[in-house]
Amino acid sequence: MTGQADEAENEDRGRPGRSTRTYWAAGSAVGLALLFAVGATVAAASDSGGSGSSGTSSRAPGRYSPDAGFARDMAVHHQQAVEMSFIVRDRTEDEPVRSLAYDIANTQANQRGMLLGWLDLWGLPKVIADEPPMSWMAASDGGAGEAGGDAGAGGHHGHDMGAAKPGALMTGMATKEELAALGAARGRDAEVLYLQLMTDHHKGGVAMARGCARQCATPAERALAQGMVEAQQSELTLMANMLKQRGAAPRG
């Protein structure tokens with residue numbers, strides 16, 4: 001009887017639990033989104049390619065268009081997610097959290113490269129000093145949703161996506177103080193803070209990606225934005241479960 005019990009116990013240990021299966025499902029969604037993003041970049045290059053030496057055409061988005069604004073802002077937003085993910089990987093031995101952090105860093109670093117590549121392809125700057133973060137969210141009201149269009153003066157202000165918290169560049173992003181706290185935390189404390197910060201980050205990212213899915217004129221970019229929405233919503237569910245397992249919950 002003892003041998004049979006030991007064998008059953010070992011079998012149970014080797015069988016993935018519900019949280020593990022959930023993680024695998026979310027990981028698959030992230031992987032599919034990344035593969036989709038690669039295809040979207042190729043499609044965008046095909047759509048925007050022209051006879052000019054810069055590889056752009058008259059259909060390239062304008063300087064202040066939602067297409068360009070989303071690419072610039074989401075590249076910055078993604079960079080912080082990559083940074084936080086690398087921080088937590090060095091501060092916990094918990095494999096599910098480390099694996100999630102690796103997937104987020106890998107996916108968002110690749111997507112960031114695609115967004116910046118599109119800006120190069122369109123011959124547009126990656127940074128504009130006088131452009132407030134996420135101002136493109138209101139650009140469609142000024143007629144900038146058309147390919148090649150620029151937002152007028154009214155398109156630079158007044159988006160009501162939700163104000164960023166004091167000290168944060170954009171909605172969902174962490175402050176310098178929060179990043180420092182994550183860097184100082186260890187073990188469970190680091191896991192919980194990372195999951196809470198990344199939950200906020202994803203919520204802001206989903207709202208921004210939805211804006212591009214509605215407003216961007218470039219089909220491949222709209223499709224990539226929708227893929228971001230779906231993948232990050234899946235990860236939000238996963239992170240809520242991981243927080244619950246650690247006796248915590250999302251903030252706010």
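Only this structure's heavy atoms are used, side chains among them; waters, hydrogens and symmetry mates stay out. Since this is a predicted model, take the numbers as computed values, not measurements.
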Colleague: Residues in side-chain hydrogen bond (donor to acceptor under 3.5 Å, both in side chains) with Thr92, at least two apart?
Modeller: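 Thr92 satisfies side-chain hydrogen bond (donor to acceptor under 3.5 Å, both in side chains) with Glu191 only.
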Colleague: Just how far is it from atom CG of Leu238 to atom CD of Gln233, taken to the nearest 0.5 Å?
Modeller: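 That separation rounds to 14.0 Å.
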Colleague: Please report the interatomic distance CG(Leu169) to NZ(Lys176), rounded to the nearest 0.5 Å.
Modeller: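 Separation between the atoms: 10.5 Å.
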Colleague: Taking Ser85's backbone N and O only, do any of them form a donor-acceptor pair with Arg89's side chain (distance below 3.5 Å, no angle check)?
Modeller: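 No, Arg89 side chain to Ser85 backbone: no donor-acceptor pair under 3.5 Å.
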Colleague: Rounded to the nearest 0.5 Å, what separates atom CG in Leu119 from atom CG in Leu121?
Modeller: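 One finds 9.5 Å between CG of Leu119 and CG of Leu121.
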Colleague: For Val206 and Lys203: C-alpha separation, side-chain torsions, deciding distance, then whether side-chain contact (heavy atoms from CB on, under 4.5 Å) applies.
Modeller: CA-CA 5 Å; Val206 166; Lys203 288 178 180 178; 5.9 Å; no
Colleague: What about the rings of Phe70 and Trp136, do their centers lie closer together than 6.0 Å?
Modeller: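 Phe70 vs Trp136: aromatic centres under 6.0 Å.
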Colleague: How would you list, by chain and number, every residue that makes a salt bridge (Lys or Arg N to Asp or Glu O under 4.0 Å) with Arg72, sequence neighbours excluded?
Modeller: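 Residues passing salt bridge (Lys or Arg N to Asp or Glu O under 4.0 Å) with Arg72: Glu131.
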Colleague: Under the salt bridge (charged side-chain N to carboxylate O under 4.0 Å, His left out) rule, what pairs show up with a residue in residues 205-218, not counting sequence neighbours?
Modeller: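 Passing the test, one end in residues 205-218: no pairs.
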Colleague: Between Asp73 and Met134, is there a donor-acceptor pair closer than 3.5 Å when you use the side chain of the first and the backbone of the second?
Modeller: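 Such a contact is found between Asp73 side chain and Met134 backbone.
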Colleague: Who pairs with Arg186 by salt bridge (Lys or Arg N to Asp or Glu O under 4.0 Å), at least two apart in sequence or on another chain?
Modeller: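 Partners of Arg186 by the salt bridge (Lys or Arg N to Asp or Glu O under 4.0 Å) criterion come out as none, since no residue qualifies.
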Colleague: Taking NZ, NE, NH1 and NH2 as the nitrogens, is one of them in Asp67 or Arg222 under 4.0 Å from a carboxylate oxygen of the other?
Modeller: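 Judged by the 4.0 Å cut-off on N to carboxylate O distance, Asp67 and Arg222 do not form a salt bridge.
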Colleague: Of all residues at least two apart in sequence or in a different chain, which pass the salt bridge (Lys or Arg N to Asp or Glu O under 4.0 Å) check with Lys244?
Modeller: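 Testing Lys244 for salt bridge (Lys or Arg N to Asp or Glu O under 4.0 Å), a comparison that skips the adjacent residues, returns none.
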Colleague: Any idea which heavy atoms bring Leu182 and Ala190 closest together, and the distance?
Modeller: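 Smallest interatomic distance, heavy atoms only, reads CD1-O, 3.7 Å.
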Colleague: Given the rule in the salt bridge (charged side-chain N to carboxylate O under 4.0 Å, His left out) test, do Arg188 and Asp94 qualify, once you have shown the distances and angles that lead to the verdict?
Modeller: CA-CA 8 Å; Arg188 177 191 172 280; Asp94 184 83; over 6 Å; no
Colleague: Would Met242 and Thr199 count as a side-chain contact (heavy atoms from CB on, under 4.5 Å) here? Give the steps.
Modeller: CA-CA 11 Å; Met242 294 174 77; Thr199 294; over 6 Å; no
Colleague: Does any pair with a residue in residues 163-190 pass ring pair (Phe, Tyr, Trp, His ring centres under 6.0 Å), and if so which ones, sequence neighbours excluded?
Modeller: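 Qualifying pairs, neighbours excluded: none.
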Colleague: List for me each residue that meets side-chain hydrogen bond (donor to acceptor under 3.5 Å, both in side chains) alongside Gln196, sequence neighbours excluded, and say none if there are none.
Modeller: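 With neighbours one apart ignored, the set is empty.
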Colleague: What residue pairs, at least two apart or across chains, pass ring pair (Phe, Tyr, Trp, His ring centres under 6.0 Å) with a residue in residues 232-252?
Modeller: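 The answer is none; no pair qualifies.
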Colleague: Sequence neighbours left out, what pairs pass ring pair (Phe, Tyr, Trp, His ring centres under 6.0 Å) with at least one residue falling in residues 224-252?
Modeller: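 Pairs touching residues 224-252 that pass the test: none.
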Colleague: Using the rule given for side-chain contact (heavy atoms from CB on, under 4.5 Å), can you reason through Asn241 versus Leu243, listing the C-alpha separation, both sets of side-chain angles and the distance that settles it, and then say yes or no?
Modeller: CA-CA 5 Å; Asn241 290 335; Leu243 281 167; over 6 Å; no
Colleague: Below 3.5 Å, can you tabulate the donor-acceptor pairs from side chains in residues 77-84 to any protein atom, sequence neighbours excluded?
Modeller:
unit_1 : atom_1 : unit_2 : atom_2 : d
His77  : NE2    : Thr171 : O      : 3.0
His78  : ND1    : Gln108 : OE1    : 2.9
His78  : NE2    : Gln111 : OE1    : 2.9
Gln79  : OE1    : Arg112 : NE     : 3.3
Gln80  : OE1    : Ala174 : N      : 2.7
Gln80  : NE2    : Ala174 : O      : 3.0

Colleague: According to salt bridge (Lys or Arg N to Asp or Glu O under 4.0 Å), who are the partners of Arg251, at least two apart in sequence or on a separate chain?
Modeller: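 Testing Arg251 for salt bridge (Lys or Arg N to Asp or Glu O under 4.0 Å), a comparison that skips the adjacent residues, returns Glu178, Asp200.
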Colleague: Tell me, which pairs form a disulfide (SG to SG under 2.5 Å) where one or both residues lie in residues 173-213, sequence neighbours left out?
Modeller: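 Listed once each, the pairs are Cys212-Cys216.
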Colleague: Under the side-chain contact (heavy atoms from CB on, under 4.5 Å) criterion, do Val76 and Met173 qualify, and how do the steps go?
Modeller: CA-CA 10 Å; Val76 174; Met173 292 186 69; 4.3 Å; yes
Colleague: Distance-only, no hydrogens or angles: does the Ser99 side chain make a donor-acceptor pair with backbone N or O of Pro96 under 3.5 Å?
Modeller: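 Not at all, since once roles are kept as given, no pair shorter than 3.5 Å links the two residues.
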Colleague: If you define the side chain from C-beta out and look only at heavy atoms, does anything of Thr175 sit under 4.5 Å from Leu179?
Modeller: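 Answer no - side chains too far apart.
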Colleague: Main chain of Pro61, side chain of Ser65: is a donor-acceptor contact present, judged purely on distance under 3.5 Å?
Modeller: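 No.
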Colleague: Whether the side chain of Asn106 engages the backbone of Tyr102 through a donor-acceptor N/O pair (distance < 3.5 Å, no angle test) should be reported.
Modeller: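 Checking the backbone N and O of Tyr102 against the side chain of Asn106, no donor-acceptor pair under 3.5 Å is found.
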Colleague: Is Thr218 close to Trp118 at the side-chain level, that is, under 4.5 Å between some pair of heavy atoms?
Modeller: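 Of all side-chain heavy-atom pairs linking Thr218 with Trp118, none is under 4.5 Å.
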Colleague: Would you tell me whether Tyr194 and Asp189 have side-chain atoms, one donor and one acceptor, within less than 3.5 Å of each other?
Modeller: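 Not at all, the side chains of Tyr194 and Asp189 share no donor-acceptor pair under 3.5 Å.
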Colleague: Less than 4.0 Å between a side-chain N and a carboxylate O, is that true for Asp120 and Lys126?
Modeller: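 Looking at Asp120 together with Lys126, the answer is yes, because their closest N to O distance falls below 4.0 Å.
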Colleague: Rounded to the nearest 0.5 Å, what separation is found between the CG atom of Leu124 and the OH atom of Tyr64?
Modeller: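 Taking CG in Leu124 and OH in Tyr64, the distance rounds to 11.0 Å.
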